[in-house]
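Working notes, beginning with the structure itself.
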Amino acid sequence: MRLSNRNKAPVYNFVNTLLMMFVTAGIAAFLLNEYRFNILGVESYLFLLVPVIMLIVFHLNGRQIFEYDSDGEALNFKNRNIIPFLDKPLHDEFPKYKLIKYDVINIFFIKRLYVTISSKNSGSTMLKYEISYLTRKEVNDLQLSLNKVVKANKEKNELK
C-alpha cells in the first residue's frame with residue numbers, strides 16, 4: 001500500500017506564506033500604532049502575538065509531508081518539511097519482518113507515529129514520524145496496513 005500527502009505540499013506552502021505575511025503585517029501594524037497613531041494601548045501587542053503563535057503552531061505540528069510504501073518486502077517511510085533547510089528529512093527503509101509494533105499518538109492537534117523494529121545491536125529501535133497533517137482516513141489506512149504486517153510477523157514468529 002502506498003500513502004502520500006505530497007500532493008498537498010502547495011497548500012502547505014501557501015499556508016506558510018500566508019502566515020509569514022500575517023507576521024509581517026502584524027509587525028507593521030504594531031510599529032505604526034506605536035510610533036504614529038498610538039490608538040491602542042497594550043492591545044497593540046496582539047498584532048505581534050497572534051500571528052507569531054499561529055506560525056509557531058503550524059511548525060510545531062511537525063514535518064508536513066509523509067510518505068509510506070509497503071509494497072514488496074520492505075517498509076519505506078519518508079517524512080520531510082516543506083521548507084528544506086528547516087530540518088533534516090527522515091527516510092527509513094527496512095524489511096517487513098523487522099517490524100515489531102507501532103503506536104499512533106494523538107495529543108490535541110499533534111499526531112505521531114512510533115514504529116518499533118528489531119535490531120541486531122540493541123534488540124529494538126524506535127523510529128518516530130510526524131503525521132499531524134494526514135487526514136483521519138489516511139491514518140486509518142496506515143494503521144490497517146501496519147496491522148497486517150504486525151499480524152503476519154506474529155504468526156510467523158509463533159510458527160518458529
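Bear in mind that the values here come from a model prediction, so they are computed numbers and not experimental data.
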Expected output: side-chain [X] to main-chain [Y] donor-acceptor under 3.5 Å:
{"X": "Y68", "Y": "N76", "result": "no"}
{"X": "S70", "Y": "M1", "result": "yes"}
{"X": "K96", "Y": "G72", "result": "yes"}
{"X": "N5", "Y": "E67", "result": "no"}

Results of side-chain hydrogen bond (donor to acceptor under 3.5 Å, both in side chains) for [X] - residues two or more places apart only:
{"X": "K137", "answer": "D141"}
{"X": "N106", "answer": "none"}
{"X": "H59", "answer": "N16"}
{"X": "N79", "answer": "none"}

Beyond-backbone contact of [X] with [Y], side-chain heavy atoms, under 4.5 angstrom:
{"X": "V15", "Y": "F58", "value": "yes"}
{"X": "L113", "Y": "L146", "value": "yes"}
{"X": "L142", "Y": "L144", "value": "no"}
{"X": "V104", "Y": "Q143", "value": "yes"}
{"X": "E130", "Y": "N81", "value": "no"}

Search all heavy atoms of [X] against all heavy atoms of [Y] and return the closest pair with its distance.
{"X": "Y97", "Y": "N153", "value": "CA-OD1, 3.5 Å"}
{"X": "K101", "Y": "V150", "value": "CA-CG2, 4.2 Å"}
{"X": "I117", "Y": "I100", "value": "C-CD1, 3.7 Å"}
{"X": "Q64", "Y": "I82", "value": "OE1-N, 3.1 Å"}
{"X": "N61", "Y": "R112", "value": "O-NH1, 3.3 Å"}

Determine, using the 4.5 Å side-chain heavy-atom cutoff (strictly less than), whether [X] and [Y] are members of one ILVMFWY cluster.
{"X": "F109", "Y": "I105", "answer": "yes"}
{"X": "Y114", "Y": "Y129", "answer": "no"}
{"X": "I53", "Y": "F108", "answer": "yes"}
{"X": "I56", "Y": "M54", "answer": "yes"}

To the nearest 0.5 Å, what is the distance between [atom1] ([X]) and [atom2] ([Y])?
{"X": "I110", "Y": "L60", "atom1": "CD1", "atom2": "CG", "result": "6.5 Å"}
{"X": "S118", "Y": "F94", "atom1": "OG", "atom2": "CZ", "result": "9.0 Å"}
{"X": "E158", "Y": "E155", "atom1": "CD", "atom2": "CD", "result": "7.0 Å"}
{"X": "K88", "Y": "R63", "atom1": "NZ", "atom2": "CZ", "result": "9.5 Å"}
{"X": "Y102", "Y": "M126", "atom1": "OH", "atom2": "CE", "result": "13.5 Å"}
{"X": "I83", "Y": "Y12", "atom1": "CD1", "atom2": "OH", "result": "14.0 Å"}

Could you pull out all donor-acceptor pairs under 3.5 Å where a side-chain atom in residues 28-50 meets a protein atom, sequence neighbours excluded?
residue : atom : partner : partner atom : Å
N33     : OD1  : I39     : N            : 3.0
N33     : OD1  : L40     : N            : 3.2
N33     : ND2  : L40     : O            : 3.2
E34     : OE2  : S44     : OG           : 3.0
E43     : OE1  : G41     : N            : 3.4
S44     : OG   : G41     : O            : 3.0

Passes side chain to side chain contact (heavy atoms under 4.5 Å, CB included), D71 versus R2? Steps please.
CA-CA 7 Å; D71 294 344; R2 291 182 184 205; 3.1 Å; yes
Is the ring centre of F66 less than 6.0 Å from the ring centre of Y133?
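No, the ring of F66 stays outside the 6.0 Å limit from the ring of Y133, centre to centre.
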Thinking salt bridges, do E138 and K111 make one under a 4.0 Å N-O criterion?
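Not counted as a salt bridge, because no side-chain N and carboxylate O are separated by less than 4.0 Å.
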By salt bridge (charged side-chain N to carboxylate O under 4.0 Å, His left out) - contacts of R80 (at least two apart)
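None.
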